[in-house]
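One structure below.
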Amino acid sequence: MAVISSETIPVTSEPDIVFVRRRVRETAAQIGLSLVDQTKVVTAASELARNTLIYGGGGAMQLESLNGPRLGVRLTFSDNGPGIPDIQLALRDGFTTGSGLGLGLGGTKRLVNEFAIESKVGQGTKIIITRWK
Amino acid sequence: MLLFQATLPDFCNRVEGGFLVQALSTGSVIAEVLAADEDSFLKEWVDDARLLKHNTAMAPEPELRLQCANFLASFRKGVQSGVVGKASDPQWDDLRGLLADVSKSRALQGFTAIEIAAFVFSFKKPLYHRLRQAEKDPLVLASQIWETTELLDSFGLYATELWLDTREAIIRRQQEEMLELSTPVIKLWHNILALPLIGTLDSARTQVVMESLLGAIVETNSRVAILDITGVPTVDTVVAQHLLKTVTAARLMGAECIISGIRPQIAQTIVHLGINLLDITTKATLRDAFALALERTGQSIRSEEAPVN
Ligand SMILES: Nc1ncnc2c1ncn2[C@@H]1O[C@H](COP(=O)(O)OP(=O)(O)OP(=O)(O)O)[C@@H](O)[C@H]1O
Ligand SMILES: [Mg+2]
């Protein structure tokens, strides 16, 4: 598998989230994802970017386009925030420690092909998602 | 010697060949050379500044001349104390104020940051030219020029930063204007409102949308409000939550909301996210939503002419 392109985008403010969505959409369109799949991965990126900002206290997203065997986009969100104590619980629909619907993480998992999450309490959170063509 | 320097700030001291030589401070030297030929200095500077090649949007000459004259006057005032010092020192209050005005007006006129800085830097040439004539000792001259360069460079940076502030203020204002522009509540029919949502529904904007819709419901006594999201590129959980809150608030005020313009890709995404819109009336198009709204308000539209069979 080869990485065709890679860029890192800061996630430290609301306008950053708008920019994240735009870049993900552009990249997804570039590798030829269908409109539905573009919308799915952009929405997933929006969810994770917002979590990174609100719960992670800000962080960054690495945006990669992949080739081999299929084309795809891989997004890696990382922050040095408080971490997630119970990942299973956080993934459960309706669970929120904030004022959201609690659907972001679970929904994201359903919107992408691959979903990996690493989190250490007191150290931060890293979530990697991939959507293949 | 340190004590001497502290009590006599007007003079700088240097040791040369074992002798203590008292020289005029750089500030005083500058004050002197500027006083000697203010008019020709100004003319030389304005001519130089006018020729700056970056200046795509050159200020009109009278304005440039005035800005140069004011700069020169403030600069002379600054060196009056004899101390060049740092740009943040109190003797430069005037000049900083002036630069703030110049940067701001130039930013509004469309000057670039480079042009603003170049304007400040162009002051060096005529000044150094005169310092060279006034000071024969190369070491002293070098230190005078260094001191002045440091000062003028930080004024250049200062002016650039102010330019940036002004540009950012312009962008913020435009964003706010767009915020208001993009949330028109339309009175579509008797008792029916429509709100075509376009673009990013971030929190700030959604707040404005929600308030203007609720205000319009009261004002017009409307019973149905159509929220059309055809122009919203992404519906994530936050956007959905805002929509749900708006619908609930409208309901509390006695109005029913219909959400229209849910495109196929948005519908699929909403389903995957697990957002429950079942309690909300939705229609694929604004046209369908309008037909339903007419029905709900007991109205109908028909053609005057009898249909041709
Ligand atoms: N990067 C993160 N750092 C720390 N905690 C997180 C992070 N991301 C998610 N969480 C925790 O997981 C919970 C669930 O996240 P999820 O995105 O599913 O819901 P939400 O953000 O609360 O609401 P919604 O996304 O529906 O608006 C959050 O409430 C938060 O406690
Ligand atoms: Mg979330």
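Every heavy atom of this structure was used, including side-chain atoms; hydrogens, water molecules and symmetry mates were not.
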Quick check: do [X] and [Y] have side-chain heavy atoms less than 4.5 Å from each other?
| X | Y | answer |
| --- | --- | --- |
| B/T234 | A/T39 | no |
| A/R50 | B/V238 | yes |
| A/T43 | B/V235 | no |

Worksheet item: Where on A/S34 is there a heavy atom nearer than 4.5 Å to chain B: the side chain, the backbone, both, or neither?
Response: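 Interface part for A/S34: neither.
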Practice prompt. Examine whether an atom of B/P233 lies under 4.5 Å from a heavy atom of chain A, and if so say whether it belongs to the side chain, the backbone or both; otherwise answer neither.
Written response: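 Looking at B/P233, backbone and side chain both touch chain A.
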Approximate separation, where rounding is to 0.5 Å, of [X] [atom1] and [Y] [atom2]:
| X | Y | atom1 | atom2 | answer |
| --- | --- | --- | --- | --- |
| A/E47 | B/D236 | CD | CG | 4.5 Å |
| B/H272 | A/L103 | NE2 | CG | 13.5 Å |
| B/T269 | A/D37 | OG1 | CG | 9.5 Å |

Discussion item. I need the residue from A/L101, A/L111, A/I17 with the largest number of non-hydrogen atom pairs under 4.5 Å to chain B.
Written reply: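 Maximum pair count with chain B is reached by A/L101.
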Discussion item. Counting heavy-atom pairs under 4.5 Å with chain B, which one of A/V42, A/V36, A/T108, A/D93 comes out on top?
Written reply: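 Of the candidates given, the most pairs with chain B belong to A/V36.
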Does atom [atom1] ([X]) have a neighbourhood of more than 12 heavy atoms from anything else shown, all under 6.0 Å?
| X | atom1 | result |
| --- | --- | --- |
| B/E161 | CD | no |
| B/W189 | CH2 | no |
| B/K187 | NZ | yes |

Worksheet entry | Those residues of residues 18-26 of chain A, ordered by number, that approach chain B below 4.5 Å (heavy atom to heavy atom) |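 The residues closer than 4.5 Å to chain B, in numerical order, are A/V18, A/R21, A/R25.
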Discussion item. For B/Q268 versus A/K40, what's the shortest heavy-atom pair and its separation?
Written reply: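 Smallest heavy-atom distance, with atoms named: OE1-NZ, 3.9 Å.
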